[in-house]
Structure formats: structure tokens, C-alpha cells
Amino acid sequence: VQLVESGGGLVQPGGPLSLSCATSGGTFSRAAMAWFPQAPGKEREFVATMRVTSGTTYYADSVKGRFTISRDNAKNTVNLQMNSLKPEDTAVYFCAVRPFVLKDGRAYIDPTEYTYWGQGTQVTVSP
């Protein structure tokens, strides 16, 4: 299984940025997929996840209304559209996959619940 993130870069406050994570080596039809940014000196924190089967999405309060997670099944990617970016959004953004989820409808927001990780892509929000 391989996850490869792309799309990071430097953006001004208030601007948009779109991240993509190409997945390969698995079907992930019953997976949860998520994005976890990690700022310098801090732990990885949850911002967005989706359950692939139902398409249900969950967001951290800090990004609700600004970030959107989606999956492109044809391209085998999981994407994160980020709008109205703030300097505090600056971090390395990692995508993650948990291959199977229970039929309990809950959000998987703990990074320890995810098995596969990408290498990360840097997002810097600065004037």
C-alpha cells in the first residue's frame, strides 16, 4: 500500500489550497480516509475524515466550513480542499487510511486508528 500526497505550498492568509493523496495497492472499499496536519513541535491532529462506503464526512471544529474532504474513485485519490486559510493552518499535512471500519457510524479521529500513512506535504500560510 502506498499513499503519496501532493499540492502543498505557500499561500497567503485567506487563500485556498487543494491537497491530493494518491492511493495504490489496496481497494479500500470499506476504509476510512483522513488528513492529519502536524505543526512543528506538535502532535498530529485530526482535521477531516470520511468513511468510503457511505461517503460520510467529519471535521474538526477548527476547519468546519473551510475544509472539504472528498474521494475520487476513478483516480484513487482522497482530496482536501482548504479555503480561507489561516497562519495557524501551517503544518505538514499527512493523509492516512484505515482499511476497514466497523458499521458503527463513528468518526475515526485518533491517528493511532490508522494503518497507512503518506510522507506528508508542507502547507505554509504566510503573507
Side-chain angles (χ1 to χ4, degrees):
V1 174
Q2 189 175 19
L3 308 180
V4 180
E5 299 98 334
S6 61
L10 174 64
V11 61
Q12 292 188 342
L17 199 64
S18 181
L19 305 182
S20 184
C21 175
T23 65
S24 61
T27 56
F28 304 132
S29 60
R30 292 178 55 193
M33 297 183 170
W35 288 89
F36 291 85
Q38 185 169 18
K42 294 187 176 182
E43 300 290 325
R44 291 183 188 184
E45 64 174 11
F46 161 77
V47 290
T49 186
M50 72 179 304
R51 297 170 68 100
V52 173
T53 301
S54 65
T56 305
T57 58
Y58 306 88
Y59 298 93
D61 288 343
S62 61
V63 305
K64 280 181 181 176
R66 300 191 298 124
F67 289 12
T68 302
I69 187 172
S70 62
R71 174 159 172 81
D72 187 327
N73 290 322
K75 296 181 179 179
N76 289 324
T77 61
V78 55
N79 308 306
L80 187 67
Q81 177 64 43
M82 304 184 292
N83 297 324
S84 303
L85 281 162
K86 305 175 181 179
E88 52 263 42
D89 295 320
T90 295
V92 177
Y93 281 69
F94 295 89
C95 69
V97 172
R98 175 186 171 95
F100 298 99
V101 300
L102 299 176
K103 295 182 179 180
D104 55 5
R106 73 175 180 89
Y108 290 82
I109 65 174
D110 186 336
T112 64
E113 297 179 300
Y114 288 81
T115 304
Y116 302 111
W117 291 85
Q119 83 289 349
T121 185
Q122 176 70 48
V123 172
T124 302
V125 185
S126 179

For residues [X] and [Y], report the shortest heavy-atom separation together with the two atoms involved.
X	Y	answer
Pro99	Thr115	CD-OG1, 3.5 Å
Asn83	Pro16	OD1-CB, 3.4 Å
Gly8	Leu19	N-CD2, 3.6 Å
Ser29	Thr53	O-OG1, 2.7 Å
Pro127	Pro13	N-CD, 3.6 Å

Tell me, which pairs form a ring pair (Phe, Tyr, Trp, His ring centres under 6.0 Å) where one or both residues lie in residues 60-109, sequence neighbours left out?
-> none
Under 4.5 Å between side-chain heavy atoms, hopping through other hydrophobics if needed: is there a path connecting [X] to [Y]?
X	Y	answer
Tyr59	Trp35	yes
Tyr114	Leu80	no
Val97	Val52	yes
Leu85	Val92	no
Met50	Val101	no

Give a yes or no answer on whether the side chain of [X] reaches the backbone of [Y] with a donor-acceptor pair at less than 3.5 Å.
X	Y	answer
Glu5	Gln119	yes
Thr90	Val125	yes
Arg106	Leu102	no

Begin from the C-alpha positions of Leu10 and Ser126 and carry the test side chain to side chain contact (heavy atoms under 4.5 Å, CB included) through to its verdict.
-> CA-CA 7 Å; Leu10 174 64; Ser126 179; 4.1 Å; yes
What is the distance from atom [atom1] of [X] to atom [atom2] of [Y], rounded to the nearest 0.5 Å?
X	Y	atom1	atom2	result
Gln38	Glu45	CD	CD	9.5 Å
Asn76	Leu3	CG	CG	11.0 Å
Ile109	Thr49	CD1	OG1	9.5 Å
Glu88	Ser62	CD	OG	9.0 Å
Phe36	Trp117	CZ	CH2	4.5 Å
Arg98	Thr112	CZ	OG1	9.0 Å

Can a donor-acceptor pair be found between the side chains of Gln81 and Asn79 at a distance below 3.5 Å?
-> no
Compare all side-chain heavy atoms of Met33 with those of Cys95 and state whether any distance is below 4.5 angstrom.
-> no
Please walk me through it: do Asp89 and Arg66 pass side chain to side chain contact (heavy atoms under 4.5 Å, CB included)?
-> CA-CA 11 Å; Asp89 295 320; Arg66 300 191 298 124; 2.8 Å; yes
Should Asp61 and Lys64 count as an ion pair when the cut-off is N to O under 4.0 Å?
-> yes
